[in-house]
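Report on the structure given below.
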Amino acid sequence: MKRKLLILLLLRVVTIQSSFASERQNTYRANLFGHVISEFNLTVPLNYNHDKSIDEFTNKTKGLKVTELYGDTLNSKTFSNTLYKLIPGHTYRVRLVLLTLDTTLAGCEELLKKQHAYLAGTQGLLLAREIYPNQFPIETPVTSLGDEPTLNAKRGIWGYTEVTRQKKGLWRYELSFNFGSLNKGTCILTFFDKSTKPEIHYDKYFVDLNESPSVPYGWKIVSHKKEGLFSWDPAKVKLMRFDQKIHRLVPLNTFTKQLEASRAFNANLLDFLLENPEYIPKSWQEVPNTDFGEGNDIREIYFYGTIYKDKVGHLLVRCLDYQNGEWEEHPMWLVDTITGNQFAAVRVK
């Protein structure tokens, strides 16, 4: 009977771990920005009028043979709430970069704001098109973030302008409606101050800690701390131990209380690390054995920012550890006990 129960328990653990792998979501943005397509300085004309610039541009180009398509909603009134107004006579540094992943307007704007970008919206996009048309790639839609159009905003449908330079000198202008998303392959045109070197980290991963994490094995999420976009850097992660001199079993919920004052990472970071194990430091693999005083033990890393409940009603967190030459995960019930090899992933203050 005991052997049968042990086999059933092992089967349950294997099933849970396979469920983790199959249901895990990509809640991160890997290399959100691709290579720089074009980069140049742009000086805003002294007679530039932000409030009328779109209407002036459409009046010049709408009837031309090289203009393939124009939407009637592309006007100054629709885009009257741009986040940043370009300054006449000022020189900016302009960059065009490709999106390598599908993402959200809000997430992309948040990332660009952190890099001190000026989000000049449709006005900036059309000005760059008018002054430097040859800087635009062929057959690639280009947009500039920062628009807060009034059209359909009440229904949650936001529009942004896409300009596409086509073959044979044709140009396509259209207002693209969406539910807050940007597609992979879109080119983002962004303004920076000329004296400030843009610091967009094109080779880094950005984990979206606001998204919903994976929910394995039919569990439910009890709590999930949202922390915005996180640029992956192991130096920003502290592995917090309950007690540096622990030599006894301690209830896990006691450790949970100590984490209330810390910013514990949620399960989104765990999902990211399991999908990208090459980014996990080797130093995370083992820890000196404090329970028995000799050798090393497998380090277990918990992500307390997300707490789950299983079908029975038990509360759980998910754990990362290194076994048999690879990183894997397993659950930890909050009624269980902890030992000296168990840590929590928290933000460095």
Side-chain angles (χ1 to χ4, degrees), residues 26 29-42 44 53-54 57-58 60-62 64-71 73-75 78-79 82-84 86 92-113 115 117-147 149 157-192 198-206:
N26 287 339
R29 300 189 176 109
N31 297 328
L32 181 60
F33 294 107
H35 67 280
V36 179
I37 293 179
S38 179
E39 187 171 356
F40 55 92
N41 289 337
L42 184 152
V44 181
S53 63
I54 298 179
F57 181 87
T58 56
K60 293 178 185 177
T61 58
K62 189 171 184 179
L64 299 179
K65 293 183 179 180
V66 296
T67 301
E68 185 183 65
L69 176 68
Y70 238 114
T73 52
L74 188 56
N75 55 63
T78 301
F79 297 95
T82 308
L83 294 179
Y84 180 80
L86 297 173
Y92 297 88
R93 191 66 176 167
V94 180
R95 272 192 172 186
L96 284 82
V97 295
L98 277 176
L99 287 179
T100 60
L101 294 172
D102 294 337
T103 185
T104 62
L105 281 168
C108 195
E109 283 190 354
E110 179 184 351
L111 180 56
L112 289 172
K113 287 177 182 178
Q115 307 305 325
Y118 299 122
L119 304 182
T122 296
Q123 287 85 345
L125 175 65
L126 297 183
L127 181 63
R129 152 64 185 95
E130 182 176 11
I131 300 178
Y132 292 105
N134 291 332
Q135 297 287 351
F136 281 61
I138 297 176
E139 301 295 345
T140 300
V142 180
T143 189
S144 182
L145 304 186
D147 290 324
I157 305 176
W158 297 90
Y160 59 89
T161 303
E162 284 188 348
V163 174
T164 306
R165 179 187 176 191
Q166 300 181 306
K167 297 178 180 178
K168 299 181 180 180
L170 296 177
W171 289 85
R172 183 183 183 90
Y173 309 87
E174 57 184 321
L175 184 60
S176 178
F177 289 104
N178 60 85
F179 291 88
S181 62
L182 284 170
N183 296 326
K184 173 184 177 181
T186 301
C187 184
I188 305 296
L189 183 148
T190 309
F191 290 78
F192 295 89
E199 296 181 352
I200 297 178
H201 304 292
Y202 300 99
D203 59 342
K204 286 196 174 183
Y205 284 76
F206 292 87

Query raised in the report: Just how far is it from atom CG of Leu125 to atom OG1 of Thr82, taken to the nearest 0.5 Å?
Result: 11.0 Å
**Report entry** Inter-residue atom distance Ile131.CD1 - Leu42.CG, 0.5 Å rounding
**Finding:** 4.5 Å
**Report entry** Backbone N/O of Leu189 and side chain of Ser144: donor-acceptor pair under 3.5 Å
**Finding:** yes
Query raised in the report: Can you check whether Cys187 reaches Ile37 side chain to side chain, under 4.5 Å on heavy atoms?
Result: yes
Query raised in the report: Which value, rounded to the nearest 0.5 Å, describes the distance between Glu162 atom CD and Leu182 atom CG?
Result: 8.5 Å
Query raised in the report: What closest approach, in Å, do Gly169 and Val66 show between heavy atoms, and which atom pair accounts for it?
Result: O-CB, 3.4 Å
Report summary line: Between the CZ atom in Phe40 and the CZ atom in Arg93, the distance rounded to the nearest 0.5 Å is 9.0 Å
Report task. For residues 127-138, pull every pair meeting side-chain hydrogen bond (donor to acceptor under 3.5 Å, both in side chains), keeping only residues two or more places apart or in separate chains. Result -> Ser38-Gln135, Lys60-Glu130, Arg129-Tyr173
**Report entry** Thr67 side-chain N/O to Thr61 backbone N/O, donor-acceptor pair under 3.5 Å
**Finding:** yes
**Report entry** Under the side-chain contact (heavy atoms from CB on, under 4.5 Å) test, residues paired with Thr122 that sit two or more places apart
**Finding:** Ile54, Leu74, Phe79, Leu126, Asp147, Thr161
Query raised in the report: Listed by chain and number, what are the ring-ring contact (aromatic ring centres under 6.0 Å, His included) partners of Phe136, not counting sequence neighbours?
Result: Trp171
Requested in this report: Quick one: pull up NZ in Lys113 and OG1 in Thr190 and give me the separation to the nearest 0.5 Å.
Outcome: 12.5 Å
Query - Within-4.5 Å side-chain heavy-atom neighbours: Leu99 and Cys108 - result: yes
Requested in this report: Return the set of residues passing ring-ring contact (aromatic ring centres under 6.0 Å, His included) with Phe191 (not counting sequence neighbours), or none when no residue passes.
Outcome: Tyr92
Query raised in the report: Which heavy atom of Gly185 sits nearest a heavy atom of Leu98, and at what distance?
Result: O-CD2, 3.4 Å
Query raised in the report: How about Leu96 and Ile188: do any of their side-chain heavy atoms sit closer than 4.5 Å?
Result: no
Requested in this report: Quick one: list whatever passes side-chain contact (heavy atoms from CB on, under 4.5 Å) with Lys167, sequence neighbours left out.
Outcome: Ile138, Glu139
Query raised in the report: Is there side-chain contact between Leu112 and Leu119, with heavy atoms separated by less than 4.5 Å?
Result: yes
Query - Contact summary for Ser53 and Gln123, nearest pair of heavy atoms - result: OG-CG, 3.2 Å
Report task. Report the residues that fulfil salt bridge (Lys or Arg N to Asp or Glu O under 4.0 Å) with Lys184, sequence neighbours left out, ordered by chain and then residue number. Result -> none
